[in-house]
2 protein chains.
Amino acid sequence: MSVLREKILHVASDLFQTRGINSTGVDTIVAVAGTTKMTLYKYFRSKEDLILEVLQKGHADFTTWLSNNLNKNTKKPSERLQKLFDFIEEWVTAPDFRGMAFLKASAEFPNEENPVHRLSAEQSRQFRQFLVELAADAGARDPDSLALQLSILIEGAIQAEQIKRGSGAVKYAKKAAKILIENSLETQAAA
Amino acid sequence: MSVLREKILHVASDLFQTRGINSTGVDTIVAVAGTTKMTLYKYFRSKEDLILEVLQKGHADFTTWLSNNLNKNTKKPSERLQKLFDFIEEWVTAPDFRGMAFLKASAEFPNEENPVHRLSAEQSRQFRQFLVELAADAGARDPDSLALQLSILIEGAIQAEQIKRGSGAVKYAKKAAKILIENSLETQAAA
DNA sequence: GCGGATATATACAATTTAGTATATACGTAT
DNA sequence: ATACGTATATACTAAATTGTATATATCCGC
């Protein structure tokens, strides 16, 4: 039943990432997915609904993948913060990496009232919150501050990689993150 | 003569930033600019040409503004690197700030062969080169590395501000930059 | 004041867009 | 086998897209 639904989601996600959301018509999506518009609108109320679901699935997949990897490969909470950028780098350098969906989506829908933009902003907030908990568990002096800085580094590096594949930005972001993390853990007593 | 041309450029720039490039039709542009399509196509060969010119003008204005401010308000080259984020913050917190044009444009045109994407990538590269020279003049240990890190911080913070106005990301990016800059200047002998 | 070039406005063409109404094939229960 | 409900395919609508052909106003030298 829902195999076509999954297929549509997958194809739409791929096309949105490679061609842009607004530049991808529903006709193209159904053609590539090997189905018809009638079926698409059976499963999704509108194109906007499809966009929102694609974003949600993408974000869920990413956060699940990341936290699973962090939990599997580390023992102490403090390790997780150190390993974070290793997995980000692994994710970015994977051959099927196409960018961070909510970053692109927010650029295509700049109006803050727009549902797609709102979801993007919410996902960005959730990701930052995830980093706050990571920083807090690791014993950072100011978890909010460190988490926001790390999120800026991650999103900035991914942005750079979206503009030019193979820019190596993540490697430099990783070095910067190491310095910031050490700085936040070392100077517990200071300030 | 060219007052209408300037007007079209200005209006297009504003609409592209507030509504997105692909979501803004030429009809809307000429309506807001108070002219007609015939005039627009007199001055610009195609919509893509208009987009490219808007991007070029935006980038030129930004870099001119930034380097002028840096030159005026600093004496020693090492000061410039410190003041950099002050001006970035001033730029971002200005009420008419609408985001960094080439970041959004590259998201709307993800295909690396696309002329708009290529120009965006080129502008990103130029900005990074500008930072490299700044870092070199300031006597950074590894100017390329520091410049790339700073560009990641700047573009990441701006990205955060595009998703959510008033996120205060630049303030945190500034703190991070300070740490990275100090680190790069202090440890001249190391490594 | 008049003729000619230039800029502007109106109207249009061809495609593409999201979304839908209708018709047809198909699988299942009896 | 047959009747029924569901999924799919075709065809269509209405609006919006970029770009252009034609008509009209405006401004200049003389």
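Scope of the values below: all heavy atoms of this structure, side chains included, with no hydrogens, waters or symmetry mates. Numbered from 1 within each chain, the chains take letters A, B, ... in sequence-line order.
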Self-check item: Sidechain N-carboxylate O distance under 4.0 Å for B:K174, B:E89
Solution: yes
On DNA chain D, more 5' by nearest nucleotide between A:M38 and B:N22 is A:M38
A:Y41 OH to D:dT10 C1', in whole Å, measures 16 Å
Assert: residue with more 5' nearest nucleotide on DNA chain C, out of A:R45 and A:S23, is A:S23
Students often get this wrong, so: under 4.0 angstrom with heavy atoms, is B:T24 touching a base, only sugar-phosphate, or nothing? sugar-phosphate
- Message: With a 4.0 Å cutoff (strictly under), does any side-chain N or O of B:K37 reach OP1 or OP2 of D:dG19?
- Response: no
note: B:L15, atom CG; D:dT17, atom P; distance rounded to Å ~ 12 Å
Of B:K42 and A:I21, the one whose closest nucleotide on DNA chain C sits nearer the 5' end is B:K42
From the candidates C:dA18, D:dT18, C:dA9, the one with an atom nearest any side-chain atom of B:K47 is D:dT18
Between CG of A:L40 and C1' of C:dT17 the distance, given in whole Å, is 14 Å
Separation of D:dT6 atom C1' from A:Y43 atom OH, nearest Å, is 10 Å
Between B:E53 and B:R5 (salt bridge meaning N to carboxylate O under 4.0 Å), is one present in this structure?
yes
note: B:L4, atom CG; C:dT8, atom C1'; distance rounded to Å ~ 9 Å
Rounded to whole Å, the CD-C1' distance (B:E48 to D:dT18) equals 12 Å
- Message: Check this for me: does any side-chain nitrogen of one of B:K76 and B:E79 sit under 4.0 Å from a carboxylate oxygen of the other?
- Response: no
*Could you state whether B:V92 and B:L103 fall into the same hydrophobic cluster, counting links through intermediate Ile, Leu, Val, Met, Phe, Trp or Tyr residues with side-chain heavy atoms under 4.5 angstrom apart?*
yes
From CG of B:D27 across to P of C:dC12 the rounded distance in Å is 15 Å
